Number of protein chains: 2
Amino acid sequence: MKSNEIKEAALKYFTIHGYEGASLSQIAEEVGIKKQSIYTHFKGKDDLFLQVLRDAKETELSSKLQYFNKIDSKNPEKDLYGFLKLVIDLFQKNEQLKFWLRMSFFPPAHLSKAIEEEVINLEEKVQVVLESKFQDWIDAEVIVRDAAKTPTFAFLGVVDSIMLELVYGNDEKRLKDKLEASWTVFWRGISHR
Amino acid sequence: MKSNEIKEAALKYFTIHGYEGASLSQIAEEVGIKKQSIYTHFKGKDDLFLQVLRDAKETELSSKLQYFNKIDSKNPEKDLYGFLKLVIDLFQKNEQLKFWLRMSFFPPAHLSKAIEEEVINLEEKVQVVLESKFQDWIDAEVIVRDAAKTPTFAFLGVVDSIMLELVYGNDEKRLKDKLEASWTVFWRGISHR
DNA sequence: TCGTATTTTACGAACGTTCGTCAGTTATGT
DNA sequence: ACATAACTGACGAACGTTCGTAAAATACGA
């Protein structure tokens with residue numbers, strides 16, 4: 001399917017150069033067609049962008065939800081750390097998460113409304129499922145008693161900081177160090193000891 | 001000084017639209033001149049951008065270093081939390097930190113090398129002074145014994161996550177919640193209890 | 001199976017706009 | 001007068017987009 005090839009190339013250029021910096025001619029060249037041919041598959045640049053955006057959202061959402069639905073253990077230490085590893089893995093094996101991150105925080109101005117909706121929608125869903133997990137662990141007394149929101153937001157903060165380090169991305173060693181440091185302190189902060 | 005007005009306007013547009021999305025004509029219009037007049041003060045778009053970048057770097061660096069040089073107390077709880085509040089304050093009262101953050105993580109491709117140098121240079125300096133503070137606190141036994149790098153990186157992670165929330169920026173309540181949650185868990189993670 | 005009709009896909013050419021930049025000229029103030 | 005600053009005018013290049021057309025793939029009836 002050629003439209004998928006186009007979306008792949010578009011993802012790459014949108015991620016590297018942003019919406020304004022990515023040109024249709026570059027994207028077309030990557031696929032081996034002329035830029036006019038893009039209009040056979042998409043209404044225009046905005047349409048292409050929004051389809052790439054929705055694909056990225058779906059990939060990220062399903063990956064994360066799937067992870068939490070799979071686990072049922074009473075072992076938050078393993079599960080939470082595993083989630084951080086999952087995020088790193090997602091980030092490194094496809095570009096969609098990096099694209100998503102860039103557009104979440106620095107959306108093209110004329111599409112910021114539409115993007116913001118998608119971002120909030122995804123964020124809420126992740127937060128809800130995460131918060132209920134933390135509530136379970138609190139009830140089971142495997143982590144410290146607290147408002148479930150506290151470890152939830154703190155953990156989302158750790159995820160964010162790891163993702164930033166991934167975006168920054170030129171230093172594998174530093175990533176590992178930051179991950180270990182953030183995780184160590186976070187886990188000490190929510191576990192009994 | 002007109003060149004400062006131009007840099008101010010440029011900062012604004014670079015921050016909102018990125019390098020590629022910001023046009024010299026928009027910037028000039030904001031100042032009340034024609035775009036060609038910008039060349040009286042700057043060699044071109046790149047020159048203008050790099051000057052704005054260096055100004056932003058200096059502001060951020062001096063603000064942060066000044067904060068840590070001012071404090072001498074043995075009260076990390078107050079000082080570290082105060083630093084987070086400082087970051088929030090810096091972010092909200094001028095655009096330079098937001099600009100800096102955007103360009104750190106999503107630099108225009110043809111200037112990424114120059115930008116990366118500046119970023120690494122700043123990051124190192126902040127890390128060094130922060131790490132020595134943590135070492136002092138560890139030696140004074142006011143926080144848990146650990147490699148100084150661990151609380152340093154963890155704290156930098158908290159700073160990053162707060163900054164991301166600031167970029168996201170449309171929800172004051174959520175910012176407060178995330179700050180409290182991250183801080184609570186972080187402090188529990190490095191303090192005796 | 002073959003030939004034809006229909007749809008899908010890609011293309012060249014061109015559109016109007018905007019981009020960053022350069023050159024030459026006019027106005028302002030010391 | 002001289003320097004500084006902002007102007008007008010123009011440049012080539014790139015942008016996203018539209019149009020009409022040719023080729024390629026598909027569907028279909030004989």
Side-chain angles (χ1 to χ4, degrees), chain A residues 1-56 95 99 102-103 106-115, chain B residues 1-56 95 99 102-103 106-115:
Chain A
M1 201 71 97
K2 210 34 160 283
S3 68
N4 285 346
E5 288 183 48
I6 296 173
K7 284 199 281 185
E8 244 176 79
L11 172 70
K12 174 178 164 184
Y13 280 94
F14 282 141
T15 303
I16 300 176
H17 299 105
Y19 178 90
E20 295 90 351
S23 76
L24 294 183
S25 52
Q26 284 177 323
I27 294 169
E29 196 182 9
E30 176 101 356
V31 184
I33 59 175
K34 300 297 171 187
K35 62 172 177 175
Q36 308 94 300
S37 305
I38 293 179
Y39 287 79
T40 303
H41 305 273
F42 303 92
K43 290 183 182 177
K45 195 180 185 182
D46 285 2
D47 183 36
L48 172 58
F49 176 84
L50 289 173
Q51 289 203 34
V52 171
L53 182 83
R54 271 154 202 151
D55 286 358
E95 285 205 277
F99 168 85
R102 175 165 196 162
M103 297 313 159
F106 305 109
H110 75 291
L111 295 176
S112 65
K113 206 100 179 87
I115 295 173
Chain B
M1 201 70 101
K2 212 33 162 278
S3 69
N4 284 345
E5 287 183 49
I6 296 174
K7 284 198 280 187
E8 241 176 83
L11 171 69
K12 174 178 165 184
Y13 280 94
F14 282 142
T15 303
I16 300 176
H17 300 104
Y19 178 91
E20 295 91 351
S23 75
L24 294 184
S25 52
Q26 285 178 322
I27 294 170
E29 195 182 11
E30 176 101 355
V31 184
I33 57 174
K34 301 296 171 187
K35 65 170 176 175
Q36 300 95 317
S37 305
I38 293 178
Y39 286 78
T40 303
H41 305 272
F42 303 93
K43 289 182 183 178
K45 194 180 186 182
D46 284 2
D47 181 37
L48 173 57
F49 176 84
L50 289 173
Q51 289 204 33
V52 171
L53 182 83
R54 270 153 201 152
D55 285 358
E95 284 205 280
F99 168 85
R102 175 167 194 159
M103 297 313 159
F106 304 109
H110 75 292
L111 295 177
S112 66
K113 206 99 177 82
I115 295 174

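In what follows, chains are A, B, ... by sequence order, proteins preceding strands, each numbered from 1. Quick caveat: nothing in here was measured; it's all calculated off a predicted structure. Values below: all heavy atoms of this structure, side chains included; hydrogens, waters and symmetry mates excluded.
Residue A:S25 places no side-chain N or O under 4.0 Å from the OP1 or OP2 atom of D:dG16. For the OP1/OP2 pair of D:dT4 and a distance below 4.0 Å, the side-chain nitrogens and oxygens of B:H41 include no atom meeting the criterion. At the phosphate of D:dC7, OP1 or OP2 sits under 4.0 Å from a side-chain N or O atom of B:S37.
When the C1' atom of C:dT9 is taken as reference, atom CG of A:N4 falls 15 Å away, rounded to whole Å. In this structure, A:E29 atom CD and D:dC15 atom P are separated by 10 Å, rounded to whole Å. Between A:E20 atom CD and C:dC19 atom C1' the separation is 13 Å, expressed in whole Å. If you take CZ of A:F49 and C1' of D:dG16, they are 16 Å apart, rounded to a whole angstrom. Rounded to whole Å, atom C1' of D:dG16 lies 17 Å from atom OH of A:Y13. B:I33 has its CD1 atom 12 Å from the P atom of D:dT8, to the nearest Å. B:M1 places its CE atom 11 Å from the P atom of D:dA6, with the value rounded to the nearest Å. Distance, A:E5 CD to C:dA10 C1': 13 Å, rounded to whole Å.
Note on B:A22: only backbone sugar-phosphate atoms sit closer than 4.0 angstrom, heavy atoms only; bases stay farther off. Here A:T40 lies in heavy-atom contact (under 4.0 Å) with a base.
For the atom pair B:S23 OG and A:E20 CD, the distance stands at 11.0 Å (nearest 0.5 Å). A:K7 NZ to A:M1 CE: the interatomic distance, rounded to the nearest 0.5 Å, is 9.5 Å. Atoms CD and CD1, from A:E8 and A:I27 in turn, are 12.5 Å apart once rounded to the nearest 0.5 Å. Rounding to the nearest 0.5 Å places CG of A:L24 at 12.5 Å from CD of A:E29.
Geometrically, A:K45 engages A:Y19 in a cation-pi contact defined by less than 6.0 Å to the ring centre and at most 45° from the axis.
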N/O donor-acceptor pairs under 3.5 Å from side chains in residues 34-44 of chain B, not counting sequence neighbours:
| residue | atom | partner | partner atom | Å |
| --- | --- | --- | --- | --- |
| B:S37 | OG | B:K34 | O | 3.4 |
| B:T40 | OG1 | B:S37 | O | 3.2 |

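By the 6.0 Å contact criterion, CD on A:E95 is enclosed, its count of non-hydrogen atoms from other residues, nucleotides or ligands being greater than 12.
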Heteroatom pairs (N/O) under 3.5 angstrom, protein to nucleotides 17-21 of chain D:
| residue | atom | partner | partner atom | Å |
| --- | --- | --- | --- | --- |
| D:dT17 | OP2 | A:Y39 | OH | 2.5 |
| D:dT17 | OP2 | A:K45 | N | 2.8 |
| D:dT17 | O5' | A:Y39 | OH | 2.9 |

